[in-house]
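Everything numeric in this text was worked out from a predicted model, so none of it was measured. Start at 1 and go down the list; that is how both ligands and their atoms are numbered.
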Amino acid sequence: MKTYIVGNWKLNFTVGEASIYLHKLLKALPNYRDIEVVVAPSTIALQPLSLQVDRHKMKLAAQNAFYRDYGAFTGETSFLQLRGVADYAIVGHSERRYIFGEDDKTTQKKVAAAIRNKITPILCVGETESERAFGETVDVISDQLIGGLTDVADDDLDKVVIAYEPVWAISSTKAAKLAAPDEVAEAVALIRKILVDTYGEKSAKEVPILFGGSVNPSNAGAYLTVPGVNGLLIGGSSLILSEFTDIIEVAKRVKS
Ligand code: PGA
């Protein structure tokens, strides 16, 4: 399986800044066949960047989209409109869940809409600090995972990527704490078990599971060597080109 290095730019960079970053990244990036490098710019930058990107080297992701293809949904962009523009879409990021009130029913529809439009959803799951403190981690991850994948047929499981992002480890969270590798290992094993129980061993084995939460060049190696982790979803550190390319180099070293 490839190693996934995904940069989530969140609400940062103008279209011009995004384009300059992409230009520099493409220049710095060797053509690594075994590493899937992806960046998720804001929606407005996706279209121009899709004309600029070299898809042999890397891919683009949407940070969000709406599950209906057309209609009276002022302000939304559909997965249908992103078809051919974005290769991946982040779905169910904790900022969507907790700032914009998205629930598992919404992520379920978004995962299905992405697959229907040939965009690979990166379904994010993860518990908050208080959910962990109350011993609800297993239930939260199970609900978010099973909820998000409800409409995914067995044949489509190979079109899905999962990201485990404990909310308390995300750098923008107040007093964010680093997740310990064994905490990540435990959550990733749980995710894999749920996938095996739902879809069978053979299909479940093929699903990439990424980790995200304050990943930077110094801790990337430790997370990438956690059993069952197939890549990283990176916020803050992906905004600094040298850090992002350093993480890609770490991935290359660790996985070869
Ligand atoms: P962070 O963000 O790397 O800045 O913690 C990760 C994310 O929110 O996807």
State the atoms of ligand 1, each with its element, that fall below the 4.0 Å cut-off from a heavy-atom position in [X].
X      : answer
Gly236 : 1 (P), 3 (O), 4 (O)
Gly213 : 5 (O)
Lys10  : 2 (O), 7 (C), 8 (O)
Ser214 : 1 (P), 3 (O), 5 (O)

The answer for which part of Ile170 has a heavy atom under 4.0 Å from ligand 1 is both
Protein contact of [atom] - nearest heavy atom, named by residue and atom, plus distance:
atom                   : result
atom 9 (O) of ligand 1 : Glu165 OE2, 2.8 Å
atom 3 (O) of ligand 1 : Gly235 N, 2.8 Å
atom 4 (O) of ligand 1 : Ser171 OG, 2.4 Å

So, are [X] and [Y] salt-bridged, with charged N and O less than 4.0 Å apart?
X      : Y      : value
Glu102 : Arg96  : yes
Lys159 : Asp156 : yes
Asp87  : Arg55  : yes

Would you call Lys252 and Ile248 a side-chain contact if the rule is heavy atoms closer than 4.5 Å?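 With C-beta onward as the side chain, the pair stays apart.
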